[in-house]
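Keep in mind that what you see is a predicted model, and the values were worked out from it rather than measured.
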Amino acid sequence: MLDKLSPPVRGLILDMDGVLWKDDTPIGDLHATFDHIRSRGLKVSLATNNATKTVEEYLEKLRGFGVTLEPWQIVNSSEATAHALTNKFPQKGAVFVVGENGIVSALREKGFTPITDPDDKTAIVAVVSSWDRQLTFQKLRRATLHVRAGTPLYATNADRSFPTPEGLIPGAGSILAALETATDVKAIVIGKPSPLMLELAAERMGLTKDEVLVVGDRVETDIAGGQAMKARTAVVLSGVATPEQAKAWKPKPDLIAKDLAKLVS
């Protein structure tokens with residue numbers, strides 16, 4: 001399908017959840033798919049809104065599916081959020097986190113002190129909302145109190161749902177919706193549809209926006225982000241988007257495919 005595009009695509013920026021796997025189940029033979037991508041001479045980078053894992057944890061997950069990549073080929077919203085907070089708060093400080101290891105580790109690596117204990121009343125510079133599969137009411141309560149006291153609210157992403165083999169379950173955006181409702185504050189969202197992660201991925205591959213194809217399963221984040229970057233986009237129907245949603249999205253994606261293997265065939 002890539003041959004339909006002109007000028008030729010030189011690199012792929014791939015989402016992960018719904019494109020490469022559903023939870024811990026791979027979508028197709030990823031080893032064979034990535035071998036085919038390499039055989040076509042295409043560069044590849046992964047850019048995900050999922051902030052639950054570190055880069056090394058993603059590399060380990062990929063290795064479990066027979067795919068070996070380098071750390072620079074992975075960009076996630078936890079890294080991007082920590083980078084944004086470093087620019088905003090160069091003096092660093094404590095950050096209250098509704099989230100998991102990925103965002104906690106990224107903040108710590110940038111010199112911040114992540115706070116996840118809802119009983120900890122340390123003075124903080126920001127609240128970060130992310131996907132949290134250990135979410136409790138007490139975490140939401142403490143985050144709400146911080147934001148209502150004037151602390152800025154950031155979010156790694158606003159994906160409302162998360163694809164699993166059993167179906168869609170609540171995502172980071174569902175948690176964020178609860179916080180925004182409780183605080184009457186709109187968060188500063190770092191992940192897609194903001195084009196920042198995608199631009200970083202293209203830069204790391206040494207390619208321009210005209211040379212990459214942004215591939216995702218969610219039109220309102222992956223495709224909207226690629227279009228905000230002014231790159232070409234492709235929807236795969238292996239995750240969240242239905243054929244009707246993909247065809248109805250405006251501006252129209254450049255390609256629609258059943259899955260990644262079909263897209264690069």
Legend entry - Check: His36 side chain, Val264 main-chain N or O, donor-acceptor pair, under 3.5 Å: yes
Legend entry - Asp35 with Arg38: basic N within carboxylate O range, under 4.0 Å: yes
Legend entry - Spatial distance of atom CZ (Arg148) from atom CG (Leu179) [nearest 0.5 Å]: 11.0 Å
Inset, instruction - Consider only side-chain heavy atoms of I, L, V, M, F, W and Y, link residues closer than 4.5 Å, and tell whether Val9 and Ile37 are in one cluster. - result: yes
Legend entry - Salt-bridge present (Arg218, Asp159; N to O < 4.0 Å): yes
Legend entry - Enclosure of Lys92 NZ (heavy-atom neighbours >12, cutoff 6.0 Å): yes
Legend entry - Heavy-atom donor-acceptor pair, Arg160 side chain to Ala172 backbone, under 3.5 Å: no
Inset, instruction - Locate the shortest heavy-atom distance separating Asp259 from Val236; write the atom from each residue and the value. - result: C-CG1, 3.7 Å
Inset, instruction - Assess the side chains of Trp249 and Glu244: does a donor N or O sit below 3.5 Å from an acceptor N or O? - result: no
Inset, instruction - Can you measure from CG (Leu42) to CG (Leu207) and round to the nearest 0.5 angstrom? - result: 10.0 Å
Inset, instruction - Indicate, with yes or no, if Phe65 and Leu14 share a hydrophobic cluster defined by side-chain heavy-atom contacts under 4.5 Å among Ile, Leu, Val, Met, Phe, Trp and Tyr. - result: yes
Inset, instruction - Report yes if some heavy atom in the side chain of Thr113 is under 4.5 Å from a heavy atom in the side chain of Thr122; otherwise report no. - result: no
Inset, instruction - Using modelled atom types only, decide if a donor and an acceptor are shared between the side chain of Ser238 and the backbone of Gly18 within a distance under 3.5 Å. - result: yes
Legend entry - Modelled atom types, side-chain donor and acceptor of Asp23 and Thr25, under 3.5 Å: no
Legend entry - Flag side-chain contact, heavy atom, 4.5 Å: Arg40 against Leu2: yes
Legend entry - Under 3.5 Å: donor-acceptor pair, side chain of Gln134, backbone of Glu100: no
Legend entry - Min side-chain heavy-atom separation Val235-Leu255 under 4.5 Å: no
Inset, instruction - Go through the steps to decide whether Leu62 and Leu69 satisfy the test side-chain contact (heavy atoms from CB on, under 4.5 Å), and finish with yes or no. - result: CA-CA 8 Å; Leu62 286 159; Leu69 297 180; 3.8 Å; yes
Inset, instruction - Kindly work out whether a path of hydrophobic side-chain contacts (I/L/V/M/F/W/Y, heavy atoms less than 4.5 Å apart) joins Phe34 to Val215. - result: yes
Legend entry - Ser130 versus Ile103, closest heavy-atom pair with distance: CB-CG2, 4.4 Å
Inset, instruction - Starting at CG of Leu140, measure out to CD1 of Ile175 and round the result to the nearest 0.5 Å. - result: 7.5 Å
Inset, instruction - For residues Pro71 and Val55, report the shortest heavy-atom separation together with the two atoms involved. - result: O-CG1, 3.8 Å
Inset, instruction - Keeping the roles fixed (side chain from Lys192, backbone from Ala47), state whether a donor-acceptor pair exists under 3.5 Å. - result: yes
Legend entry - Heavy-atom check, side chain of Met229 versus side chain of Val212, under 4.5 Å: yes
Inset, instruction - Please report the shortest heavy-atom distance between Pro152 and Phe89, naming the atom on each side. - result: CG-CZ, 3.9 Å
Legend entry - Asn101 vs Thr52 side-chain heavy atoms within contact, under 4.5 Å: no
Inset, instruction - Decide, yes or no, whether a salt bridge links Asp120 with Arg142 under the criterion of side-chain N to carboxylate O below 4.0 Å. - result: no
Legend entry - Close side-chain approach of Lys43 and Leu12, heavy atoms under 4.5 Å: no
Legend entry - Sidechain N-carboxylate O distance under 4.0 Å for Glu56, Arg63: yes
Inset, instruction - Step by step, work out the side-chain contact (heavy atoms from CB on, under 4.5 Å) result for Thr156 and Asn76. - result: CA-CA 9 Å; Thr156 58; Asn76 63 25; over 6 Å; no
Inset, instruction - Treat each ILVMFWY residue as a node, draw an edge where side-chain heavy atoms are under 4.5 Å apart, and state whether Val44 and Leu30 are in one component. - result: yes
Inset, instruction - Before accepting this row, confirm whether a basic side-chain N of the pair Lys61/Asp24 lies closer than 4.0 Å to the acidic partner's carboxylate O. - result: yes
Inset, instruction - Provide the closest heavy-atom pair for Val95 versus Phe112 in the form atom of the first, atom of the second, distance. - result: CG2-CD2, 3.8 Å
Legend entry - Atom pair CD1 (Ile74) and CD (Glu57), whose distance is rounded to the nearest 0.5 Å: 11.0 Å
Legend entry - Ile115 and Val97, any side-chain heavy atoms less than 4.5 Å apart: no
Legend entry - Heavy-atom side-chain contact between Asp132 and Lys139 under 4.5 Å: yes
Legend entry - Backbone of Gly216 reached by a side-chain donor or acceptor of Asp222 within 3.5 Å: no
Legend entry - side-chain contact (heavy atoms from CB on, under 4.5 Å) between Lys110 and Leu85, worked out: CA-CA 9 Å; Lys110 289 292 187 179; Leu85 288 177; over 6 Å; no
Legend entry - Contacts of type side chain to side chain contact (heavy atoms under 4.5 Å, CB included), residue Gln138, not counting sequence neighbours: Pro118, Thr136, Arg141
Legend entry - Short side-chain to backbone donor-acceptor contact, Gln227 and Ala224, under 3.5 Å: no
Inset, instruction - State whether the side chain of Gln245 and the backbone N or O of Thr242 hold a donor-acceptor pair below 3.5 Å, judged by distance alone. - result: yes
Inset, instruction - Calculate, to the nearest 0.5 Å, the distance between atoms CZ and CD1 belonging to Arg232 and Ile13 respectively. - result: 11.5 Å
Legend entry - Minimal non-hydrogen separation, Ala201 against Ser45, with atom names: CB-OG, 3.4 Å
Inset, instruction - State whether the side chain of Ser77 and the backbone N or O of Asn49 hold a donor-acceptor pair below 3.5 Å, judged by distance alone. - result: yes
Inset, instruction - Let me know which of Asp217, Val240, Leu46, Ile223 forms a side-chain contact (heavy atoms from CB on, under 4.5 Å) with Asp15. - result: Asp217
Inset, instruction - Check step by step if side-chain contact (heavy atoms from CB on, under 4.5 Å) holds for Gln73 and Arg204. - result: CA-CA 7 Å; Gln73 291 176 279; Arg204 288 181 177 181; over 6 Å; no
Inset, instruction - For the pair Glu180 (side chain) and Ala187 (backbone), establish whether a donor and an acceptor sit closer than 3.5 Å, ignoring hydrogens and angles. - result: yes
Inset, instruction - Check the side chains of Thr48 and Asn50 for a donor-acceptor pair under 3.5 angstrom, ignoring hydrogens and angles. - result: no
Inset, instruction - Look at the aromatic rings of Trp21 and Tyr58 and report parallel, tilted or perpendicular, splitting at 30° and 60°. - result: parallel
Legend entry - Stepwise salt bridge (charged side-chain N to carboxylate O under 4.0 Å, His left out) check, Lys22 with Asp17: CA-CA 6 Å; Lys22 289 184 176 181; Asp17 299 301; over 6 Å; no
Inset, instruction - Please round to the nearest 0.5 Å and tell me the distance separating atom CE of Met197 and atom NE2 of His83. - result: 13.0 Å
Inset, instruction - Check whether Trp131 and Leu20 end up in the same hydrophobic cluster, where Ile, Leu, Val, Met, Phe, Trp and Tyr are linked by side-chain heavy atoms less than 4.5 Å apart. - result: no
